[in-house]
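As the structure is a computational prediction, the values presented were derived from the model and not from experiment.
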Amino acid sequence: METELLYALRDPAGIPSHPVIFLVLGVLTFALHIAAVQMMLGASTLTLWGAFSKDAHRRRLAQSMINVAKVMVSVAIVLGVAPLLFVQVIYDPFWYTANVLSAWWVIGFILILLVGYTLMYVFYWRNHHLADPARKLSCPGAMVASVVLLLVVGFIMHVLAQQMLQPEHWMSWYAPHGDLETRGTALHAFHPWRFLFFISLSAPVTGALLVAYQRYFRARDDVEPNYLDWVRDLAYRLINLGGVVSLVLGAVWMATLPEAVAGFAFSPWVWVAAAGLLGFVGFAHWVRGKGDSPWAYAVLGVGTVAIILVAVAREALRWAKLHGVHGYNALDYSINMDWYSTLTFFVTFGVLGVGVLAYYLTVAWRAGQTRGVYTASAVVDRMGNIAIAMLVLWIVHYFVLGFVWWAL
């Protein structure tokens, strides 16, 4: 496709801040989103693995993991909005075209997600006794169907991401043999190894989560050490096996790249991402040798860094395809600077987001370290009041601003 046509499809109004900001935020938010997705998939798999077992440890872990899974779906949805917004700002000719070509699936995406999430809750509601191996499992098909549907949701997003990278095929997909295809019912492009690579990362990421999980509960005297030892061993097996499988699938993905970008497989971006994954596995081994030290929590942090490096390599590959092959430079998008919206975003993210998250994490930490009913201290109560006040102030600001613009 001609580069001039791609530029003509841009928003003539330009963008409200420098493209680099959207590029960096897109990578960061995608990394956090995909990490939440991987935790959800890993926790869901462990839920099913334990639910169909009579082993007490596996059933107990399943009870914990279903709680993790349902929360992580919410986190993944919230965090998934941001990278979609950022990509459609600077890559709008590609993203919107990919969506129009498969419009039926884009609309169906929401319905499939709602049904999948609801089925997860059905399983959760019917199995509050999941930790008891003597109790009969209820409605396991709901959880199986939930995982399948959530994987379908991920596959749809994968296809859209692939279609936006292939503008040279857009016309043949839209008008095959000269006949217009306007239904949008087809999924035109997918790369199985890329999809499987990101799915496989759920094993080491979930392993890192379990390392933190078992360390978190060791401060309490109502959780048996033998159960936590079992979880720790499982966590490191997931990190080891998942790390190897992910690297193999990543290598196959790089080996099967289109000819136009085949050289990317040997770029520094790929080596840095691979080094990040290997470093994550190596760090986990080092922490395991330290016993039950607080370093266990750092495994999750190092794993997050590794996922960010993978996200950077993914973005570099997109740049290599769209800029290197098709001549589209996202960094020369015209800027119509809007300082108010830019500052509002960073203040919301840096002040409101960090403040509220700090309160949630403080409560979660102290409640988890307390046996029985947790009573917040005066300091934690004050943190909560400040967090609520900031949320109320932001909501009032939102509606006041909207009213002012409406009135003008």
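- Minimum interatomic distance between S146 and G116 (heavy atoms only, all atoms of both residues): OG-O, 2.7 Å.
- Without hydrogens or angle criteria, Q38 side chain to F198 main chain gives a donor-acceptor distance under 3.5 Å.
- Formation of a donor-acceptor pair under 3.5 Å by the W170 side chain with backbone atoms of Q163 is found in this model.
- Between Y91 and A330, the closest heavy-atom pair is CE2-CB, 3.9 Å.
- Between the side chain of T256 and the main chain of W253, a donor-acceptor pair closer than 3.5 Å is present.
- Between V122 and C139, some side-chain heavy-atom pair lies under the 4.5 Å cut-off.
- Counting only residues at least two apart or on different chains, the salt bridge (charged side-chain N to carboxylate O under 4.0 Å, His left out) pairs with a member in residues 266-290 are D233-R288.
- For the pair F346 and L25, the minimum side-chain heavy-atom distance is below 4.5 Å.
- The distance from atom CG of L309 to atom CG of L277, rounded to the nearest 0.5 Å, is 8.0 Å.
- Side-chain contact, Q63 with R59: no donor N or O sits under 3.5 Å from an acceptor N or O.
- Between F155 and H158, the ring planes lie tilted relative to each other; the angle falls in the 30° to 60° range.
- Aromatic ring orientation, Y227 versus W230: parallel (interplanar angle below 30°, classes split at 30° and 60°).
- Two residues are said to be in side-chain contact when any heavy atoms from C-beta on lie closer than 4.5 Å; M157 and L160 meet this criterion.
- D11 and Y333 form no side-chain donor-acceptor contact under 3.5 Å, judged by distance and modelled atom types alone.
- Without hydrogens or angle criteria, T304 side chain to L300 main chain gives a donor-acceptor distance under 3.5 Å.
- Not a single donor-acceptor pair under 3.5 Å links the side chain of N127 to the backbone N or O of L130.
- In terms of modelled atom types and a separation under 3.5 Å, the side chain of R58 and the main chain of W49 share a donor-acceptor contact.
- A donor-acceptor pair is defined here as one N or O able to donate and one able to accept, closer than 3.5 Å; no such pair exists between the side chain of T97 and the backbone of F94.
- Checking each of I239, V299, L234 against L210 for a side chain to side chain contact (heavy atoms under 4.5 Å, CB included) leaves exactly one that passes, namely L234.
- Ring centroid separation for the pair F109 and W105 does not come in under the 6.0 Å cut-off.
- Taking the centre of each ring, H18 and F22 stay at or above the 6.0 Å mark.
- Panel note: side chain S102, backbone G184; no donor-acceptor pair is recorded below 3.5 Å.
- Under the 6.0 Å cut-off for aromatic ring centres, F197 and W193 do not qualify, their centroids lying 6.0 Å or more apart.
- At least one donor-acceptor pair under 3.5 Å links the side chain of H33 to the backbone N or O of A76.
- Taking the six-membered ring where tryptophan is involved, the planes of Y7 and Y328 are tilted, since the angle between them lies from 30° to 60°.
- Between W125 and Y121, the ring planes are tilted. Angles from 30° to 60° get that label.
- A donor and an acceptor atom, one from each side chain of H188 and Q162, are nowhere located under 3.5 Å apart.
- Side chains of Y117 and S74: a donor on one and an acceptor on the other come within 3.5 Å.
- Looking at R10, its side chain never comes within 3.5 Å of a backbone N or O of P93 through a donor-acceptor pair.
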